[in-house]
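Working notes, structure below.
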Amino acid sequence: SAVISQKPSRDICQRGTSLTIQCQVDSQVTMMFWYRQQPGQSLTLIATANQGSEATYESGFVIDKFPISRPNLTFSTLTVSNLSPEDSSIYLCSVVGSGRVSEQYFGPGTRLTVT
Amino acid sequence: QKEVEQNSGPLSVPEGAIASLNCTYSDRVSQSFFWYRQYSGKSPELIMSIYSNGDKEDGRFTAQLNKASQYVSLLIRDSQPSDSATYLCAALRFGNEKLTFGTGTRLTIIP
């Protein structure tokens with residue numbers, strides 16, 4: 001499976017600021033996703049990061065709040081804007097592996113705390 | 001009704017016994033199913049995938065799929081304390097790469 005890294009691994013941010021999270025993959029991947037995992041909860045898909053075009057957002061998530069870039073097939077960023085304490089979560093990127101169809105692998109995650 | 005449902009647990013199993021984790025799904029179009037293991041503070045790790053009815057074995061893990069009953073399970077044989085984690089069930093629709101996750105079952109293996 002692909003090796004996925006995320007930066008930063010954790011951050012503490014003040015209300016009203018923004019945080020940009022980077023996801024780097026060691027090989028080219030077609031499909032890349034961003035998820036949120038709120039404390040004690042399961043994973044919720046935020047959006048599909050599309051290479052060279054606008055991301056596809058799930059219901060309840062909007063581009064103004066969660067702008068995503070995907071300049072190439074190995075890299076993506078997720079920005080969480082205008083932070084509020086409710087944004088305190090773990091943010092994870094995932095990729096579909098090049099082997100078995102549809103198997104998704106997750107990066108190590110970014111733990112965001114908003115004060 | 002949630003698309004993917006799991007008993008949140010906690011499920012406690014003695015070391016060496018079989019741990020049985022269950023998952024049901026509501027969308028009959030779901031074609032592929034996955035079990036992820038998530039240790040506290042870590043990201044989910046894919047441990048099993050299953051696409052066809054029946055059993056699929058990998059080491060101490062066996063995934064079972066029954067599409068008629070819309071039921072997926074994961075059996076862990078010879079449970080070890082290192083198996084203590086939250087196990088997430090996920091479903092994938094045919095032609096759609098988006099995973100839908102259950103809420104997870106917290107498993108504790110008691111030495």
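Being a predicted model, the structure only gives us computed values, none of them experimental. Within every chain, numbering begins at 1; the chains are lettered A, B, ... in the order of the sequence lines, protein sequences first and strands thereafter.
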So which part of [X] gets closer than 4.5 Å to some heavy atom of chain B, the side chain, the backbone, both or neither?
X: A:Thr48; answer: side chain
X: A:Phe33; answer: side chain
X: A:Leu43; answer: both

Check your understanding: What distance do B:Leu99 atom CG and A:Gln104 atom CD have between them, rounded to the nearest 0.5 Å?
Key ->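 It comes to 4.0 Å.
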Exercise for review: Measure the spacing between CZ of B:Phe101 and OH of A:Tyr35 and express it to the nearest 0.5 Å.
Suggested key: 5.0 Å
Honestly curious: do [X] and [Y] fall in one hydrophobic cluster under the side-chain, below-4.5 Å linking rule?
X: B:Phe61; Y: B:Leu65; answer: yes
X: B:Tyr36; Y: B:Tyr51; answer: yes
X: A:Tyr57; Y: A:Leu19; answer: yes
X: A:Leu45; Y: A:Leu78; answer: no
X: A:Val114; Y: A:Val62; answer: no

Exercise for review: Sort by residue number and list every member of residues 104-111 of chain B having a non-hydrogen atom under 4.5 Å from chain A.
Suggested key: none
Heavy-atom closest contact ([X] atom, [Y] atom, distance):
X: A:Glu103; Y: B:Ser49; result: OE2-OG, 2.6 Å
X: A:Pro108; Y: B:Ser43; result: CA-OG, 3.7 Å
X: B:Pro44; Y: A:Leu92; result: CD-CD2, 4.0 Å

Review point. Which region of B:Gln38, side chain (C-beta onward) or backbone (N, CA, C, O), has a non-hydrogen atom less than 4.5 Å from a non-hydrogen atom of chain A, or is it both or neither?
Key: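 Side chain only.
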